[in-house]
Amino acid sequence: MKNVIKKCLFPAAGYGTRFLPATKAMPKEMLPVLTKPLIQYGVEEAISAGLDTMAIVTGRGKRAIEDHFDISYELEHQIKGSAKEHYLTEIRAVIDRCTFSYTRQIEMKGLGHAILTGETLIGEEPFAVILADDLCYSEGPSVLAQMKKVYEKYNCCVVAIEEIPKEHTNRYGVIAGHLVDSSDDTYRVETMVEKPEPQDAPSNLAIIGRYILTPDIFDVIRETKPGKGGEIQITDALLQMAKQGKVIAYKFKGKRFDCGSVEGFVEATNHFYTLN
Ligand code: G1P
């Protein structure tokens, strides 16, 4: 098995119903925080961690994502040499630095199923997963770059976690484990539950949309029965790995914005606007 992480999977087939009507004809991943679509922030984070192969699991109505990570000859021609050319600098740099491949998820059967759909683009190597609607910001190394270091130390699956108010546990996968190294905030995961009610939650440590997975996860997902909401949950598959001591949870340094909710989206917009 190759050990270097080069590929990043982006599950991007979801409907984005919480942003209707904006997402009726536009992928939720293309919603901009200031002038940049959410998925571009994700791709830039992957690049910052040294990854160069983006694997995107799309669905119907998501063609704008493919067009975004491509050259628009008409546009290039129009603004070439003009004062507006710099507006394309960032996206050109992204396109130059990595490759993009796509596969379609035909039916929405949960995050675990979306990740399994991406197997054809990943193959037999460890890979990262970014959920673009969790937008992460950090003053130092990016969250994925931090996680890659953790992976290099432990050589097993890594999930990013943060402390949340106990009343919000039913929005996340929640873990419990024991601290293995307080200097790098890592826990060996013992149990994990998808969206438990507060009274059933094993802790207030929630998984956010950043994962590093080893390719043996695919066989485990294949064996995973539908769980919460009748969907195939990555949390349930990872629980099987955790039982063999193969999952580390890492309390990342930085800030996460839940851009899957209107409040989180507004918060992210304000945050990035103030930075500018
Ligand atoms: C998914 C996962 C959940 C995780 C969350 C992070 O849920 O199923 O375990 O905590 O992403 O954003 P979703 O937000 O897609 O419902």
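Every number for a ligand or one of its atoms is a count from 1 in the order of the listing.
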**Request:** Could you tell me whether Glu125 and Lys6 have a side-chain N and a carboxylate O separated by less than 4.0 Å?
**Result:** no
**Prompt:** Where do Ala128 and Ile5 come nearest, in terms of heavy atoms and distance?
**Reply:** N-CG2, 4.0 Å
**Request:** Inspect the contact between Lys28 and Asp133 and indicate whether a charged nitrogen and a carboxylate oxygen are less than 4.0 angstrom apart.
**Result:** yes
**Prompt:** Hey, does Gly173 come in under 3.5 Å of ligand 1, counting only N/O atoms on both sides?
**Reply:** yes
**Request:** List the steps and the verdict of side-chain contact (heavy atoms from CB on, under 4.5 Å) for Tyr137 and His271.
**Result:** CA-CA 9 Å; Tyr137 171 78; His271 173 84; 3.2 Å; yes
**Complete:** ligand 1 atoms nearer than 4.0 angstrom to some heavy atom of Leu131 are 11 (O)
**Request:** Please work out whether any backbone atom (N, CA, C, O) or any side-chain heavy atom from C-beta onward of Glu194 is under 4.0 Å from ligand 1, and answer side chain, backbone, both or neither.
**Result:** side chain
**Atom NE2 of His178 with >12 non-hydrogen neighbours under 6.0 angstrom** = yes
**Message:** Yes or no: does Lys195 have any heavy atom under 4.0 Å from an atom of ligand 1?
**Reply:** yes
**Complete:** From the list Glu139, Glu267, Glu162, salt bridge (Lys or Arg N to Asp or Glu O under 4.0 Å) with Lys255 holds only for Glu267
**Message:** Using a 4.0 Å cut-off to any heavy atom of Gln233, which atoms of ligand 1 qualify?
**Reply:** 8 (O)
**Asked** Any heavy atom of Gly209 sitting closer than 4.0 Å to ligand 1?
**Response** yes
**Asked** How far is atom 1 (C) of ligand 1 from its nearest protein heavy atom, and which residue and atom is that?
**Response** Leu111 CD2, 4.0 Å
**Request:** Can you confirm whether something in the protein, heavy atoms only, sits under 4.0 Å from atom 15 (O) of ligand 1?
**Result:** no
**Asked** N/O to N/O below 3.5 Å, does that happen between Asp134 and ligand 1?
**Response** yes
**Prompt:** Under 4.0 Å between a Lys/Arg side-chain N and an Asp/Glu carboxylate O for Asp184 and Lys153?
**Reply:** yes
**Item:** Residue Ile207 vicinity, atoms of ligand 1 by number, heavy atom under 4.0 Å
**Value:** 4 (C), 6 (C), 10 (O)
**Request:** Report yes if some N/O of Tyr172 lies less than 3.5 Å from some N/O of ligand 1; otherwise report no.
**Result:** no
**Request:** Using distance alone, determine whether Thr235 and ligand 1 share an N or O pair under 3.5 Å.
**Result:** yes
**Donor on one side chain, acceptor on other, Thr23 and Tyr15, under 3.5 Å** = no
